[in-house]
Amino acid sequence: MKTSNYPSWLVSVEQAKKLKELGFDIECALFYDDILKEISFDEEYVSLINWNQKNFTKCISLPAWEKVLEWFRRKNLIGWVECQCNPEMEYYTRVLKNGENYYMKGKRKPYSSYEEARNVLIDELIIIYKEFYEKK
């Protein structure tokens with residue numbers, strides 16, 4: 001798979017693998033075939049399927065960014081990217097956990113692009129989710 005052709009509207013394969021470990025279960029049209037190492041879909045049905053189900057062992061659901069944020073919202077983790085219009089355009093991530101502000105280990109770092117901040121946001125949500133649910 002050529003990374004230059006990877007769709008920008010999907011989370012990375014690495015993030016998708018971590019989401020599968022967390023139990024991400026929203027249906028997706030596309031999946032990553034971990035044996036063939038390529039993006040695929042069910043050509044016969046072209047439908048939404050939870051590719052992370054146990055009977056699809058070689059498959060990893062490849063969700064769009066918004067589907068991942070939707071899944072985290074269902075878990076009371078709300079994350080977004082905000083823009084600060086200083087002389088330079090800077091982006092920040094922000095997360096609410098159970099209605100309270102939560103910054104990754106007290107850090108609030110600016111990012112130079114929306115895409116970079118969005119990518120970091122998903123990584124932060126994965127880490128926060130693990131910390132929050134491993135304690136229970």
Side-chain angles (χ1 to χ4, degrees):
M1 176 181 59
K2 296 178 182 173
T3 54
S4 61
N5 294 334
Y6 193 82
S8 63
W9 46 274
L10 295 175
V11 298
S12 71
V13 172
E14 294 78 24
Q15 290 170 326
K17 288 178 180 180
K18 291 176 185 176
L19 289 165
K20 182 174 184 170
E21 290 173 13
L22 297 181
F24 182 85
D25 59 358
I26 292 182
E27 296 176 336
C28 301
L30 299 174
F31 67 90
Y32 180 75
D33 186 315
D34 209 20
I35 293 172
L36 299 175
K37 306 295 185 205
E38 65 184 18
I39 297 174
S40 192
F41 63 96
D42 186 335
E43 294 178 15
E44 185 176 345
Y45 299 105
V46 189
S47 60
L48 296 176
I49 298 173
N50 176 10
W51 296 104
N52 288 340
Q53 296 176 64
K54 290 180 182 174
N55 55 327
F56 296 121
T57 55
K58 67 175 187 160
C59 301
I60 300 162
S61 291
L62 282 178
W65 298 99
E66 184 54 41
K67 289 295 180 185
V68 175
L69 294 173
E70 174 187 335
W71 186 79
F72 279 115
R73 283 192 302 269
R74 291 180 186 173
K75 310 293 183 191
N76 291 320
L77 281 173
I78 301 168
W80 67 92
V81 174
E82 52 185 46
C83 177
Q84 301 283 320
C85 297
N86 309 354
E88 300 174 12
M89 190 83 81
E90 292 180 332
Y91 298 89
Y92 296 87
T93 61
R94 189 176 192 94
V95 176
L96 295 178
K97 180 176 78 172
N98 292 330
E100 295 182 27
N101 282 329
Y102 183 94
Y103 289 107
M104 198 59 201
K105 300 188 190 321
K107 298 176 185 174
R108 186 159 193 234
K109 178 184 171 193
Y111 300 97
S112 60
S113 72
Y114 173 82
E115 292 77 15
E116 179 186 12
R118 179 184 62 188
N119 190 50
V120 169
L121 174 63
I122 299 302
D123 289 340
E124 288 180 354
L125 286 167
I126 289 169
I127 291 167
I128 294 166
Y129 182 88
K130 283 182 180 178
E131 287 176 359
F132 183 69
Y133 283 99
E134 285 178 1
K135 291 179 182 177
K136 288 187 172 188

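Within the 4.5 Å cutoff, no side-chain heavy atoms of W65 are placed close to those of L121. Looking at Y92 and P110, their side chains come closer than 4.5 Å, going by heavy atoms from C-beta outward. S61 places none of its side-chain heavy atoms less than 4.5 Å from the side chain of F31. Side chains of L62 and P7 form no contact here, defined as non-hydrogen atoms less than 4.5 Å apart.
Rounding to the nearest 0.5 angstrom, the gap separating the CH2 atom in W9 from the NZ atom in K67 is 12.0 Å. With rounding to the nearest 0.5 angstrom, the CD1 atom of I60 is 9.0 Å from the CG atom of D33. Residue L77 holds its CG atom at 11.0 Å from CD1 of I126, rounded to the nearest 0.5 Å. Atoms OH and OH, on Y91 and Y111 in that order, are 14.5 Å from each other to the nearest 0.5 Å. Between atom OG1 of residue T93 and atom CG of residue L125 there is a gap of 8.5 Å, rounded to the nearest 0.5 Å. For the atom pair OH (Y129) and CG (L19), the distance works out to 10.0 Å, reported to the nearest 0.5 Å.
Between E66 and R73 a salt bridge is recorded (basic side-chain N to carboxylate O distance below 4.0 Å).
In terms of heavy atoms, V68 sits closest to F24 at CA-CE1, 4.0 Å.
In this structure, K20 places its NZ atom where more than 12 heavy-atom neighbours from other residues, nucleotides or ligands lie under 6.0 Å away.
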**Asked** Can you list the steps and then say if K17 with E14 is a salt bridge (charged side-chain N to carboxylate O under 4.0 Å, His left out)?
**Response** CA-CA 5 Å; K17 288 178 180 180; E14 294 78 24; over 6 Å; no
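Listed by chain and residue number, D25 satisfy the side chain to side chain donor-acceptor pair (under 3.5 Å) test with W71 (two or more places apart in sequence, or in another chain).
The main-chain N or O of N119 is found under 3.5 Å from a side-chain atom of Q15 such that the two form a donor-acceptor pair. Distance alone, capped at 3.5 Å, is enough to place a donor-acceptor pair between the Y6 side chain and the V11 backbone.
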